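Quick notes on the structure that follows.
These figures come from a predicted structure and were not determined experimentally. Order of appearance sets the numbers: ligands from 1, and atoms from 1 within every ligand. Heavy atoms only: backbone and side chains are in, while hydrogens, waters and symmetry mates are out.
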Amino acid sequence: MIPMNFTPTPDLLAGRVILITGAGSGLGRALALESARAGAMVILSGRNLRKLEQVYDEVRAQGSPQPAIATLDLAAATALDYDNLAATIGSEFGKLDGVVHAAALLGDRTPLEQYDVPMWCRVLHVNLTAPFILTQVLLANLRKSADASVIFVSSGVVKNPRPFWGAYAVAKSGLEAVRSMLSQELEGEANIRINSVNPGRMRTAMRAAAYPAEDPNTVPTPASVSGPFLYLLSAQSRGIDGQYIEAQ
Ligand SMILES: NC(=O)c1ccc[n+]([C@@H]2O[C@H](COP(=O)([O-])OP(=O)(O)OC[C@H]3O[C@@H](n4cnc5c(N)ncnc54)[C@H](OP(=O)(O)O)[C@@H]3O)[C@@H](O)[C@H]2O)c1
């Protein structure tokens, strides 16, 4: 059972090294701030250095442990970029205790008949292939943790693939297959947990792009859904593995 109104203590994630993609905005930024507030050393990953530096400053301003910045454009990253990131984490931290794959692209909201094929490929790459590659290259660092937690960020379109969600829905469904397979493949390694969390609707740029007519003030903030994520990143959730979890 995941406690929905989980309130982290200031030392919940003390000593843990957690990489968060899409950390420059939206859910990724909120989880970076909340994880750091709970004591984690956060590796802020994203494609926009300026945004990551702003979050870096916010983390420092709240008195949390010093974060690190890892710029990585998931649409363009090469095998060398991934390998370099894994090697740097290994040499700087010697382990990795958590990964949250928050980065994603919405893509087009059009019928499949008209869906732009290059956009299809980009969305599948950023939302599905890139988190797969990143997890694959980071496994060696995750294995060095006593209790590592990988979280794929899911969506309501997985259970209910409504019209016009295109490559986004396909990619998020694919992530669930990755989550399930990987968790089973690592069954013998109790120190690595693989789960996915559907955060539900959140007041972010992606939500505004998907629902332009909606009043953002009626939508929960990303920080307000952070509880289940922090719980899963902490030792308190040991034993929870291979699950799809709804944060709202
Ligand atoms: N908002 C919702 O209602 C909702 C509901 C269900 C699930 N989700 C999921 O929640 C997660 C966070 O989304 P959000 O709502 O916070 O949206 P968001 O504010 O648009 O954040 C998406 C993040 O992904 C990053 N990103 C996009 N393309 C990238 C690339 N090529 N390389 C690296 N980073 C890239 C963005 O970077 P830039 O800042 O540089 O653009 C941004 O930081 C996503 O996985 C989304 O699918 C959201």
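Summarising the geometry of Ala40 relative to Ile18, their closest heavy-atom pair is CB-CD1, 3.8 Å, with the distance given to 0.1 Å. In plain terms, the two heavy atoms of Ala32 and Leu44 that are nearest each other are CB-CD2, 3.5 Å.
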>> Could you walk me through whether Glu53 and Arg50 satisfy the salt bridge (Lys or Arg N to Asp or Glu O under 4.0 Å) test, starting with their C-alpha distance in whole Å, then the side-chain angles of each, then the deciding distance to 0.1 Å, before giving a yes or no?
In response: CA-CA 5 Å; Glu53 284 174 343; Arg50 191 183 49 79; over 6 Å; no
> Would Leu182 and Phe132 count as a side chain to side chain contact (heavy atoms under 4.5 Å, CB included) if you check the C-alpha gap in whole Å, the side-chain angles of each, and the deciding distance to 0.1 Å?
Replying inline: CA-CA 10 Å; Leu182 192 55; Phe132 153 66; over 6 Å; no
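Residue contact check for ligand 1: Ala130 places no non-hydrogen atom closer than 4.0 Å to it. At least one heavy atom of Ala102 sits under 4.0 Å from some atom of ligand 1. Within the 4.0 Å heavy-atom shell around ligand 1 one does not find Pro222.
At a 3.5 angstrom cut-off on N or O pairs, Gly24 does not count as close to ligand 1. For Pro199, no nitrogen or oxygen atom sits less than 3.5 Å from a nitrogen or oxygen atom of ligand 1, counting backbone and side chain alike. Considering both main-chain and side-chain atoms, Gly22 comes within under 3.5 Å of ligand 1 through a nitrogen or oxygen pair.
Residues Arg29 and Glu58 meet the side-chain proximity criterion, which asks for heavy atoms closer than 4.5 Å. Contact annotation: the side chain of Thr135 approaches that of Phe152 to within less than 4.5 Å [non-hydrogen atoms, C-beta and beyond]. In this structure, Ser35 and Ile20 have side chains that are in contact, with non-hydrogen atoms separated by less than 4.5 Å. When side chains are defined from C-beta on, Arg37 does not count as touching Pro10, because their heavy atoms never get closer than 4.5 Å. A heavy-atom distance below 4.5 Å is not found between the side chains of Pro199 and Gln248. Put simply, the side chain of Val59 reaches to within 4.5 Å of the side chain of Leu33, judged on heavy atoms. Two residues are said to be in side-chain contact when any heavy atoms from C-beta on lie closer than 4.5 Å; Ile151 and Ile245 fail this criterion. Contact annotation: the side chain of Glu214 approaches that of Arg201 to within less than 4.5 Å [non-hydrogen atoms, C-beta and beyond].
Protein heavy atom at the shortest distance from atom 40 (O) of ligand 1 is Arg47 NE, 3.0 Å. With hydrogens left out, the protein atom closest to atom 39 (O) of ligand 1 is Lys51 NZ, 2.6 Å, a heavy atom. The closest protein non-hydrogen atom to atom 17 (O) of ligand 1 is Met206 CB, 3.3 Å. For atom 34 (N) of ligand 1, the closest non-hydrogen atom of the protein is Ala103 CB, 3.7 Å. Atom 16 (O) of ligand 1 has Leu27 N, 2.7 Å as its closest protein atom, hydrogens excluded (heavy atom only). Tyr168 OH, 2.5 Å is the protein heavy atom nearest to atom 47 (O) of ligand 1. What sits closest to atom 22 (C) of ligand 1 on the protein, heavy atoms only, is Ala104 O, 3.7 Å. Looking at atom 42 (C) of ligand 1, its nearest protein heavy atom turns out to be Ser25 OG, 3.1 Å.
Between the choices Ala205, Gly156, Gly200, Ser155, the shortest heavy-atom distance to atom 5 (C) of ligand 1 belongs to Gly200. Nearest to atom 10 (O) of ligand 1 by heavy-atom distance, out of Thr71, Val153, Asp73, is Val153. Summarising the contacts of atom 45 (O) of ligand 1 with Lys172, His101, His125, the nearest heavy atom is found in Lys172. Distances from atom 33 (C) of ligand 1 to the heavy atoms of Val123, Val197, Thr21, Leu72 put Leu72 nearest.
When atom types are taken as modelled, the side chain of Thr21 and the backbone of Ala103 share a donor-acceptor pair closer than 3.5 angstrom.
Here is the list of ligand 1 atoms found below 4.0 Å of a heavy atom in Arg201: 3 (O). Less than 4.0 angstrom separates some heavy atom of Gly26 from each of these atoms of ligand 1: 16 (O), 19 (O). Ligand-side atoms of ligand 1 in range of Ser154: 6 (C), 7 (C), range being under 4.0 angstrom from any heavy atom. Ligand-side atoms of ligand 1 in range of Ala75: 31 (N), range being under 4.0 angstrom from any heavy atom.
For Arg29, no heavy-atom contact with ligand 1 is shorter than 4.0 Å. Counting heavy atoms closer than 4.0 Å to ligand 1, residue Thr204 contributes side-chain atoms (C-beta onward) but none from N, CA, C or O. At a 4.0 Å heavy-atom cut-off, ligand 1 does not touch Arg203 at all. With a 4.0 Å cut-off on non-hydrogen atoms, Ala76 does not touch ligand 1 at all.
No cation-pi contact links Arg162 to Phe164, judged by a cut-off of 6.0 Å to the six-membered ring centre and 45° from its axis.
Ion pairing between a basic and an acidic side chain is recognised when a charged N comes within 4.0 Å of a carboxylate O; Lys159 and Glu246 show such pairing.
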